[in-house]
Amino acid sequence: QTFLTLINCAFDTKPLIAQALVAENSQTYKYLNSNKWPKPLKNGKKTPLATYTGFIEIQAPIVNSAFFEWFVLSFIMPMLLPSHILGADWGFDQLFCKAADLYSKLLMIHKENETNSQSTSSPSLWKELIEEDSHSNSHIRAQGSQNKVKSACALIIGGTPIHHLNVKEMNSILGYAVKKKLNKELMNIIAQSFPSFIRSGKGILADPLHPKSHFERVNHLHSNNDECHSSP
């Protein structure tokens with residue numbers, strides 16, 4: 001099954017942000033590496049196709065376009081000056097999933113208000129943006145600590161892993177020590193600017209492989225669309 005097939009068909013509600021596993025197994029957060037997840041077994045035993053997660057890295061996410069527009073305006077635009085001065089981009093991925101969860105909640109609130117409202121006022125740009133994705137992105141998370149948790153972010157386990165090969169090229173331009181120092185400074189600025197949205201890639205709130213993680217895993221295709229059950 002391909003990456004896009006799983007995004008479209010493995011979830012009852014499509015994630016706002018998703019990422020493939022990394023083939024080189026070079027990532028600091030081990031749950032992003034392909035060798036940390038079980039391979040499909042020949043005996044037909046089900047293995048995870050995907051999992052909800054609390055963290056997506058910045059290298060190669062696929063992002064819902066309406067959410068991405070909102071994210072750029074809300075989080076990236078205010079950081080353009082320090083980002084350009086430092087020549088850095090680390091830290092934005094620490095905002096991804098909490099921002100996506102908030103956006104998802106806003107979609108649900110808007111949809112509920114629209115259902116209950118008798119207003120006939122003309123739609124604003126924000127209303128149009130919300131209505132565009134209010135059906136497909138109304139994420140619902142379980143409340144109990146013993147329940148499985150859904151989020152607006154997902155890792156695609158069953159698809160082909162991606163190759164991430166450009167680190168050495170970037171390091172050769174600046175040197176890793178300089179690049180790391182500049183990016184750490186940007187991370188500090190982002191954390192101070194958006195403290196309520198910061199989530200690192202470590203710990204139970206981010207890591208779907210954490211021993212105490214409650215993130216729901218997907219073992220079969222959810223969609224009723226016939227195309228989702230045919231061979232890609």
Roughly how far apart are [X] [atom1] and [Y] [atom2], rounded to 0.5 Å?
| X | Y | atom1 | atom2 | answer |
| --- | --- | --- | --- | --- |
| S74 | F67 | OG | CZ | 8.5 Å |
| D89 | M187 | CG | CE | 11.0 Å |
| L205 | H214 | CG | NE2 | 10.5 Å |
| T5 | L49 | OG1 | CG | 11.0 Å |
| Q59 | H164 | CD | NE2 | 4.0 Å |
| S200 | F55 | OG | CZ | 7.5 Å |

Which of F75, F197, F92 passes side chain to side chain contact (heavy atoms under 4.5 Å, CB included) with I190? Answer is F92

Which pair of heavy atoms, one from [X] and one from [Y], lies closest together, and at what distance?
| X | Y | result |
| --- | --- | --- |
| I156 | A50 | CD1-CB, 4.1 Å |
| A20 | I162 | CB-CG2, 3.6 Å |
| A152 | A100 | CB-CB, 3.6 Å |
| W90 | L186 | O-CD2, 3.6 Å |
| R217 | P208 | NH2-O, 3.3 Å |
| A18 | I7 | CB-CD1, 3.9 Å |

Is the shortest side-chain heavy-atom distance between [X] and [Y] below 4.5 Å?
| X | Y | answer |
| --- | --- | --- |
| K150 | D12 | yes |
| N33 | K30 | yes |
| I198 | L95 | yes |
| M79 | F194 | yes |
| V22 | Y29 | no |
| I56 | L155 | yes |
| K202 | D207 | no |
| N8 | K14 | yes |

side-chain contact (heavy atoms from CB on, under 4.5 Å) between M77 and V72, intermediate numbers included: CA-CA 6 Å; M77 291 293 289; V72 168; 4.1 Å; yes

Practice task
Decide side-chain contact (heavy atoms from CB on, under 4.5 Å) for L209 and T51; before the verdict, give the C-alpha distance in whole Å, the side-chain angles of both, and the deciding distance to 0.1 Å.
Solution key: CA-CA 10 Å; L209 286 177; T51 181; over 6 Å; no

Check whether L21 and I58 end up in the same hydrophobic cluster, where Ile, Leu, Val, Met, Phe, Trp and Tyr are linked by side-chain heavy atoms less than 4.5 Å apart. yes

Validation row, ring centre W37 to ring centre Y31 under 6.0 Å = no

Taking the six-membered ring for Trp, are F71 and Y103 ring centroids under 6.0 Å apart?
no

Residue list, side-chain hydrogen bond (donor to acceptor under 3.5 Å, both in side chains) with [X], at least two apart or on another chain:
| X | answer |
| --- | --- |
| Q27 | E57 |
| E185 | none |
| N25 | S34 |

Please answer whether the main-chain N or O of A88 pairs with a side-chain N or O of S83 as donor and acceptor at a distance below 3.5 Å. yes

(request) May I ask you to decide if G54's main-chain N or O and R199's side chain share a donor-acceptor pair within less than 3.5 Å? (result) yes

Worksheet item: Can I62 and L4 be said to form a side-chain contact (heavy atoms from CB on, under 4.5 Å), step by step?
Response: CA-CA 10 Å; I62 186 168; L4 291 176; 3.7 Å; yes

Around atom CZ of F68, are there more than 12 heavy atoms of other residues, nucleotides or ligands at under 6.0 Å? no

